[in-house]
> 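Got a structure for you, written out below as C-alpha cells; questions coming shortly.
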Amino acid sequence: MKQVSKEIESSMAFLKATTSLVLLTFLSATLSLAHPGFNFGWGSGPFGGGSNGLLPEFYQFSCPQADDIVVSVLEKAIAKEPRMAASLLRLHFHDCFVQGCDASVLLDDSATIVSEKKSLPNRNSLRGFEVIDKIKAKLEEACPQTVSCADIVAMAARGSTILSGGPSWELPLGRRDSKTASLSGSNNNIPPPNSTIQNLITLFNRQGLNEADLVALSGGHTIGVARCVTFKQRLYNQNGNNQPDQTLEKNYFQGLKSVCPKTGGDNRISPLDLASPARFDNTYFKLILWGKGLLTSDEVLLSGNEDKTKALVKAYALDEALFFEQFAKSMVKMGNVTPLTGFNGEVRKNCRRVN
C-alpha cells in the first residue's frame with residue numbers, strides 16, 4: 001500500500017512539474033508574440049531579442065498602430081508651432097544623456113523624485129512635455145499600458161526629424177521607463193553650450209558616442225532656437241577679457257547683439273540655423289564654415305583644433321546625403337544607450353510619474 005502511495009505521489013509530482021513547464025513555455029511564447037523582443041535572459045533563441053533587447057518590430061502585435069498615433073499628434077503640434085520639432089528632438093538627447101533612454105527626464109517632482117526638469121540645462125528651456133502627454137493619452141486608449149514613455153520620446157524625435165524634412169531610420173523599440181531620475185546626472189552629463197571641443201568629446205564618449213556621432217548629432221541644431229543666455233558669453237566676454245568671440249562673422253555678430261543685450265534679455269531667442277530654422281538640412285554646417293554658428297559648442301567643431309571634427313563639418317556642408325546617413329546611424333546609436341528592457345523598469349501609465 002505504501003509503495004502504491006509513493007508511486008502516486010511520484011506521478012503527481014511529475015505531472016505538476018510537466019504542467020508548470022508547459023505553462024511557462026506557453027506564457028513566454030504568448031508574451032513574446034505580444035511583445036517581440038521581450039528579453040527573458042534566455043539568450044538569442046526564439047524568445048530573445050537583439051543584443052540590448054530592442055527591436056523595430058517590438059509593437060508589431062501588441063500595438064501595431066503606435067507609430068501612426070505618434071505621427072498624427074506630431075503633425076498637429078508641429079503645424080501649430082514648427083519649433084516644437086526641435087524641442088522634441090532635444091528632449092530625446094536630454095533623456096538619453098542622463099541615465100540612458102529611459103524617460104527619466106519626463107518625471108515631475110514627487111515624494112521620491114527630484115525632477116531633472118530643474119537642472120541647469122533643462123530649467124526654463126526644455127519643452128514638449130505636453131505633446132508627449134497627448135501622445136501617451138492616445139496610446140493608452142488604443143493599447144493600455146503597452147507603449148513606454150521612453151519609446152514615445154524616441155518615436156517623437158524620429159517623427160519630428162522626418163516632418164521637418166530630415167532622414168528616417170529604422171528605430172529599435174522596447175525600452176522601459178525608469179522609476180528614478182537624476183538631477184546631478186542631468187547637470188553633469190549634458191554638454192553645455194559653452195563647451196570646448198575636448199569637453200564635448202569627453203561627454204559624448206561617456207555615452208559610447210564618438211566624434212562622428214558628435215558632429216552628426218550636433219547637426220540636429222539645423223532646426224530650433226537658442227536663448228540669449230546660451231550665447232551671450234560669445235558676444236561680450238568670450239575669454240574673460242570683455243571681448244567677443246573673434247570667430248563670429250561681423251554682420252552676424254551685430255545682428256546677435258541686437259537680439260541679445262549685454263544685460264537682461266536672457267530668454268530672447270535666436271535661430272540656431274538662421275537660413276532655414278524650421279527645415280532639417282545641412283545648412284547648419286555651411287553656417288559654421290561662414291562664422292555663423294550660434295553656440296560655442298557649434299563653432300568649436302570647426303575651430304577647436306580637432307582634425308576629425310573639422311573634416312566632418314566640411315564633409316557634411318558639402319554633402320547633405322552623407323550628413324543624413326550619419327545622423328540616422330547616430331540617432332539609433334544614441335537611442336540604444338543603456339535602455340531598460342525585460343523586467344527592468346516599468347511602462348508608466350502617466351509619463352510624469354511612476355506607477
> Do Met155 and Val147 make a side-chain contact, defined as non-hydrogen atoms from C-beta onward lying under 4.5 Å apart?
yes
> To the nearest 0.5 Å, what is the distance between CD (Glu249) and CG (Leu287)?
10.5 Å
> Is the shortest heavy-atom distance from the side chain of Ser276 to the side chain of Tyr284 under 4.5 Å?
no
> Test the Lys117-Phe129 pair against the cation-pi criterion, namely NZ or CZ under 6.0 angstrom from the six-membered ring centroid and within 45° of the ring axis.
yes
> Main chain of Leu214, side chain of Ser218: is a donor-acceptor contact present, judged purely on distance under 3.5 Å?
yes
> Taking the side chain from Asn188 and the backbone from Ser184, do they hold a donor-acceptor pair closer than 3.5 Å?
yes
> Apply side chain to side chain contact (heavy atoms under 4.5 Å, CB included) to Ile152 and Leu139, showing your working.
CA-CA 9 Å; Ile152 291 170; Leu139 284 167; 3.7 Å; yes
> Could you verify whether a donor N or O on one side chain and an acceptor N or O on the other, from Ser119 and Asn122, lie under 3.5 Å apart?
yes
> Atom CG in Asn189, atom OG in Ser182: separation rounded to 0.5 Å?
7.5 Å
> Using side-chain heavy atoms (C-beta onward) and a distance below 4.5 Å, is Lys329 in contact with Glu325?
yes
> Taking C-beta and beyond as the side chain, do Pro244 and Tyr236 meet within less than 4.5 Å on heavy atoms?
no
> Have Gln99 and Thr338 got a donor and an acceptor in their side chains that come within less than 3.5 Å?
no
> In this structure, which one of Lys292, Lys232, Arg234 forms a salt bridge (charged side-chain N to carboxylate O under 4.0 Å, His left out) with Asp245?
Arg234
> Should Arg127 and Arg83 count as side-chain neighbours, where that means a heavy-atom distance under 4.5 Å?
yes
> Please test Phe280 against Phe323 for side chain to side chain contact (heavy atoms under 4.5 Å, CB included), starting from the C-alpha separation and ending with a verdict.
CA-CA 11 Å; Phe280 200 101; Phe323 162 50; 3.7 Å; yes
> Would you compute the distance between atom CD of Gln326 and atom CG of Leu217 and round it to the nearest 0.5 angstrom?
8.0 Å
> Are Phe93 and Val332 in one and the same hydrophobic cluster, where Ile, Leu, Val, Met, Phe, Trp and Tyr link if side-chain heavy atoms are under 4.5 Å apart?
yes
> For residues Asn237 and Asn242, report the shortest heavy-atom separation together with the two atoms involved.
OD1-N, 2.7 Å
> Heavy-atom count check: over 12 atoms from other residues, nucleotides or ligands less than 6.0 Å from Arg353 CZ?
no
> Quick one: do Glu116 and Ser104 satisfy side-chain hydrogen bond (donor to acceptor under 3.5 Å, both in side chains)? Show the steps, please.
CA-CA 7 Å; Glu116 292 170 20; Ser104 62; 2.7 Å; yes
> Determine whether more than 12 heavy atoms belonging to other residues, nucleotides or ligands lie under 6.0 Å from atom NZ of Lys333.
yes
> Decide whether Leu274 and Leu302 are clustered together by the hydrophobic rule: side chain heavy atoms of Ile, Leu, Val, Met, Phe, Trp, Tyr closer than 4.5 Å, transitively.
yes
> For atom CG of Asn210, decide whether the heavy atoms of other residues, nucleotides or ligands shown that lie under 6.0 angstrom number more than 12.
yes
> Does atom CD (Gln254) have a neighbourhood of more than 12 heavy atoms from anything else shown, all under 6.0 Å?
yes
> Charged N to carboxylate O under 4.0 angstrom, Lys134 versus Glu130?
no
> Are the side chains of Pro193 and Thr296 in touch, meaning some heavy atoms are under 4.5 Å apart?
no
> Quick check on the hydrophobic clustering: are Leu203 and Val337 connected, directly or via other members, by side-chain heavy-atom contacts under 4.5 Å?
no
> Is there a donor-acceptor pair under 3.5 Å between the side chain of Asp151 and the backbone N or O of Leu173?
no
> Would you confirm whether Asp177, through its side chain, and Arg348, through its main-chain N or O, come within 3.5 Å as a donor-acceptor pair?
yes
> Do the side-chain N and O atoms of Tyr59 and Asp67 include a donor-acceptor pair separated by under 3.5 angstrom?
no
> Which atom names give the shortest non-hydrogen contact between Leu248 and Gly293, and what distance separates them?
CD2-O, 4.1 Å
> Side chains of Asn355 and Gln145, heavy atoms from C-beta outward: is any pair under 4.5 Å?
yes
> Atom CG in Leu171, atom CG in Leu55: separation rounded to 0.5 Å?
11.5 Å
> When you measure from the side chain of Ser72 to the backbone N and O of Ile69, does any donor-acceptor pair fall under 3.5 Å?
yes
> Evaluate the criterion ring-ring contact (aromatic ring centres under 6.0 Å, His included) for residue pair Tyr316 and Phe327; output intermediate values, then yes/no.
CA-CA 10 Å; Tyr316 297 154; Phe327 184 81; 9.9 Å; no
> Using a 3.5 Å distance criterion without hydrogens, assess whether the side chain of Asn282 forms a donor-acceptor pair with backbone atoms of Ala317.
yes
> Could you state the interatomic distance from CD1 (Ile269) to OG (Ser125), rounded to the nearest 0.5 Å?
12.0 Å
> Can I get a per-line list of side-chain donor-acceptor pairs under 3.5 Å for residues 221-228, giving both atom names and the distance, sequence neighbours left out?
{"unit_1": "His221", "atom_1": "ND1", "unit_2": "Asp298", "atom_2": "OD1", "d": "2.8"}
{"unit_1": "Thr222", "atom_1": "OG1", "unit_2": "Asp273", "atom_2": "OD2", "d": "3.3"}
{"unit_1": "Thr222", "atom_1": "OG1", "unit_2": "Arg279", "atom_2": "O", "d": "3.3"}
{"unit_1": "Thr222", "atom_1": "OG1", "unit_2": "Asp281", "atom_2": "N", "d": "3.2"}
{"unit_1": "Thr222", "atom_1": "OG1", "unit_2": "Asp281", "atom_2": "O", "d": "3.0"}
{"unit_1": "Thr222", "atom_1": "OG1", "unit_2": "Asp281", "atom_2": "OD1", "d": "3.0"}
{"unit_1": "Arg227", "atom_1": "NH1", "unit_2": "Asn267", "atom_2": "OD1", "d": "2.7"}

> Leu301 and Ser297: which non-hydrogen atoms are nearest, and at how many Å?
CG-O, 3.6 Å
> Do Thr112 and Thr180 have side chains that approach each other closer than 4.5 Å (heavy atoms only, starting at C-beta)?
no
> Considering non-hydrogen atoms only, spot the tightest contact between Cys101 and Ala150 and give its length.
O-CB, 3.5 Å
> Is the side chain of Glu346 donor-acceptor paired with the backbone N or O of Lys179 at a distance under 3.5 Å, no angle test?
no
> Show, in sequence, the C-alpha distance, side-chain angles and deciding distance for Leu54 and Arg175, and conclude whether the side chain to side chain contact (heavy atoms under 4.5 Å, CB included) test is met.
CA-CA 7 Å; Leu54 303 183; Arg175 298 165 192 80; 3.9 Å; yes
> Using modelled atom types only, decide if a donor and an acceptor are shared between the side chain of Arg158 and the backbone of Pro167 within a distance under 3.5 Å.
no
> Using a strict cut-off of less than 4.0 Å between a Lys/Arg side-chain nitrogen and an Asp/Glu carboxylate oxygen, indicate whether Lys136 and Glu140 qualify as a salt bridge.
yes
> Over all heavy atoms of both residues, which pair between Cys96 and Met334 is shortest? Give the atoms and the distance, please.
SG-O, 3.8 Å
> Are Val300 and Leu312 joined in one hydrophobic group, where the rule is that I, L, V, M, F, W and Y side chains link up if heavy atoms are under 4.5 Å apart?
yes
> Determine the minimum heavy-atom distance between Leu107 and Ser178, stating which atoms define it.
CD1-O, 4.1 Å
> Does any N or O in the side chain of Thr146 come within less than 3.5 Å of the main-chain N or O of Pro144, such that one atom is a donor and the other an acceptor?
yes
> Establish whether Val71 and Leu88 are linked, either directly or via other cluster members, by ILVMFWY side-chain heavy-atom contacts under 4.5 Å.
no
> Would you mind checking if Arg352 and Asp133 are paired as a salt bridge, meaning a charged N to carboxylate O distance below 4.0 Å?
yes
> Within this structure, what is the OG-CG distance for the pair Ser148 and Asp102, rounded to the nearest 0.5 Å?
10.0 Å
> Hey, is the main chain of Gln65 close enough, under 3.5 Å, to the side chain of Asp68 for a donor-acceptor pair?
no
